[in-house]
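Chain A is the first sequence line, chain B the second, and so forth, proteins listed ahead of strands; every chain is numbered from 1.
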2 protein chains.
Amino acid sequence: MRKAVLTYGLLGGALIALLQAVQYRYLVVDHSLEIYGGLVALIFVALGIWLGLRITGRRERVVVREVTVPGPPEFTRNDAKVEALGLTPRELEILEFIAAGLSTREIAERAFVSENTVKTHSSRVFEKLGARRRTQAVQLGKAFGLIP
Amino acid sequence: MRKAVLTYGLLGGALIALLQAVQYRYLVVDHSLEIYGGLVALIFVALGIWLGLRITGRRERVVVREVTVPGPPEFTRNDAKVEALGLTPRELEILEFIAAGLSTREIAERAFVSENTVKTHSSRVFEKLGARRRTQAVQLGKAFGLIP
DNA sequence: CCGGAAATCATCCGAACGGGTGACGCGCGC
DNA sequence: GCGCGCGTCACCCGTTCGGATGATTTCCGG
């Protein structure tokens, strides 16, 4: 910015010097009015440039660049999706157990219910998710942000 | 840009009209030189402003603010673990299919092999991973960095 | 050329899974 | 109180899965 102004200033000065040199060689004194006008014009053009830059100011554009960091994303459950699918807390819990790689029996033990109950819950999870297999339920569950 | 020029033009015109009105009321003709000079100055200031904006362009200082976003970590296969477990490329491929939630039959179709072959591969994957179920294999595979 | 790893396909069988259906109790809101 | 959602449990049946085992082909390195 300052460099630009300086450049224009020097350029203007050079031009004036040139004009003067030219004037004294080829022009007579009665052209002084035009030359004076030209100088005034030059000066005020320079002033205008300075003013223009001054007034408008430099505008800053803030560019927000999102940088994906390799770190593990903290998991936040997609409650909206849970709501939309109509998944109950218990069903979500069983889905997590399934995703952990547990068998029906193991889930039953950890959840303190019978295997039949686990099967019922998982069946409901499957139909709500539109899955036909445990692995598919897990895949969909992760894709929907239901489980970490 | 054009709007700015227009604005300055109109402003200049208005000023000139004002000056003329003022001139004819309070100033005598022998002040015409100063007025002329002022007008010239005004015009060239306007020109200068326009030129300044034109030449230097709208200089924008781009401030890049990097915001770390919790985005998904890019996956890089843990080849050392693959080596250590002795998993073959084909087995790894079948593991990925399993993780995608596909059934044995679907995997067979996509891999252009028989279901029996898929079963053989998956069995080997299970014993190498120490898994007893598909879901467990998927869980371990992800934990080991074998699959995304 | 020969041995071994990898990939392919097969058969058998028991266990696990998925789908369907029915039922019961509990708490909550109309 | 009645209905409803939720959680619980049960039985049946067909499918899929997992485990064990054996065989063949292909390719690569010693």
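Ranking D:dT8, C:dA7, C:dA16 by closeness to the B:P89 side chain, first place goes to C:dA7.
Between C:dC9 and B:N116, no contact under 4.0 Å exists linking OP1 or OP2 to a side-chain N or O. Under 4.0 angstrom from either OP1 or OP2 of C:dT8 there lies at least one side-chain N or O belonging to B:H121. Checking the phosphate oxygens (OP1, OP2) of C:dG18, no side-chain nitrogen or oxygen of A:R132 falls inside 4.0 Å. An OP1 or OP2 oxygen of D:dT8 is reached within less than 4.0 angstrom by a side-chain nitrogen or oxygen of A:R90. Within the 4.0 Å cut-off from OP1 or OP2 of D:dG7, not a single side-chain nitrogen or oxygen of A:T117 is found. A close approach under 4.0 Å does not occur between any side-chain nitrogen or oxygen of A:R133 and OP1 or OP2 of C:dG18. Taking 4.0 angstrom as the limit, A:T104 places a side-chain polar atom (N or O) nearer than this to OP1 or OP2 of C:dC17. Remark: B:T120 is not in phosphate contact with C:dA7, judged by side-chain N or O atoms under 4.0 Å from OP1 or OP2.
Hydrophobic clustering of Ile, Leu, Val, Met, Phe, Trp and Tyr side chains at less than 4.5 Å, counting indirect connections, keeps B:V138 apart from A:V125.
A:E91 places its CD atom 13 Å from the P atom of D:dG5, with the value rounded to the nearest Å. With rounding to whole Å, B:R134 atom CZ is found 11 Å from D:dT16 atom P. In this entry the distance linking CZ of A:R124 with P of C:dG20 reads 12 Å, nearest Å. Atom CZ in A:R105 sits about 15 Å away from atom C1' in D:dC17, given to the nearest Å. Atom-to-atom, CD1 of B:I107 to C1' of C:dT8 comes out at 16 Å; the value is rounded to the nearest Å. Atom pair A:E106:CD and C:dA16:C1' shows a separation of 12 Å (rounding to whole Å applied). In this structure, CG of A:L95 is placed 14 Å from P of D:dG7, rounded to the nearest angstrom.
Side-chain to base pairing of A:S122 with C:dC17: no donor and acceptor N or O lie closer than 3.5 Å to each other.
Among the atoms of the strands shown, only primed sugar atoms or phosphate atoms (P, OP1, OP2) are found under 4.0 Å from some heavy atom of B:T88. Backbone-only contact: A:S114 has heavy atoms under 4.0 Å from sugar-phosphate atoms and none from a base. In this structure, B:S103 reaches the sugar-phosphate backbone alone: every heavy-atom distance under 4.0 Å involves primed, P, OP1 or OP2 atoms, never a base.
Side-chain polar atoms of B:R134 and B:T104 form a donor-acceptor pair below 3.5 angstrom. A donor atom on one side chain and an acceptor atom on the other are found under 3.5 Å apart for A:T117 and A:S114.
Not a single donor-acceptor pair under 3.5 Å links the side chain of B:R110 to the backbone N or O of B:F97.
Each of B:G86 and B:K119 lies near DNA chain C, and the nucleotide nearest B:G86 is the one positioned closer to the 5' end.
The pair B:E106-A:R133 meets the salt-bridge criterion, with a side-chain N (NZ, NE, NH1 or NH2) lying under 4.0 Å from an Asp/Glu carboxylate O.
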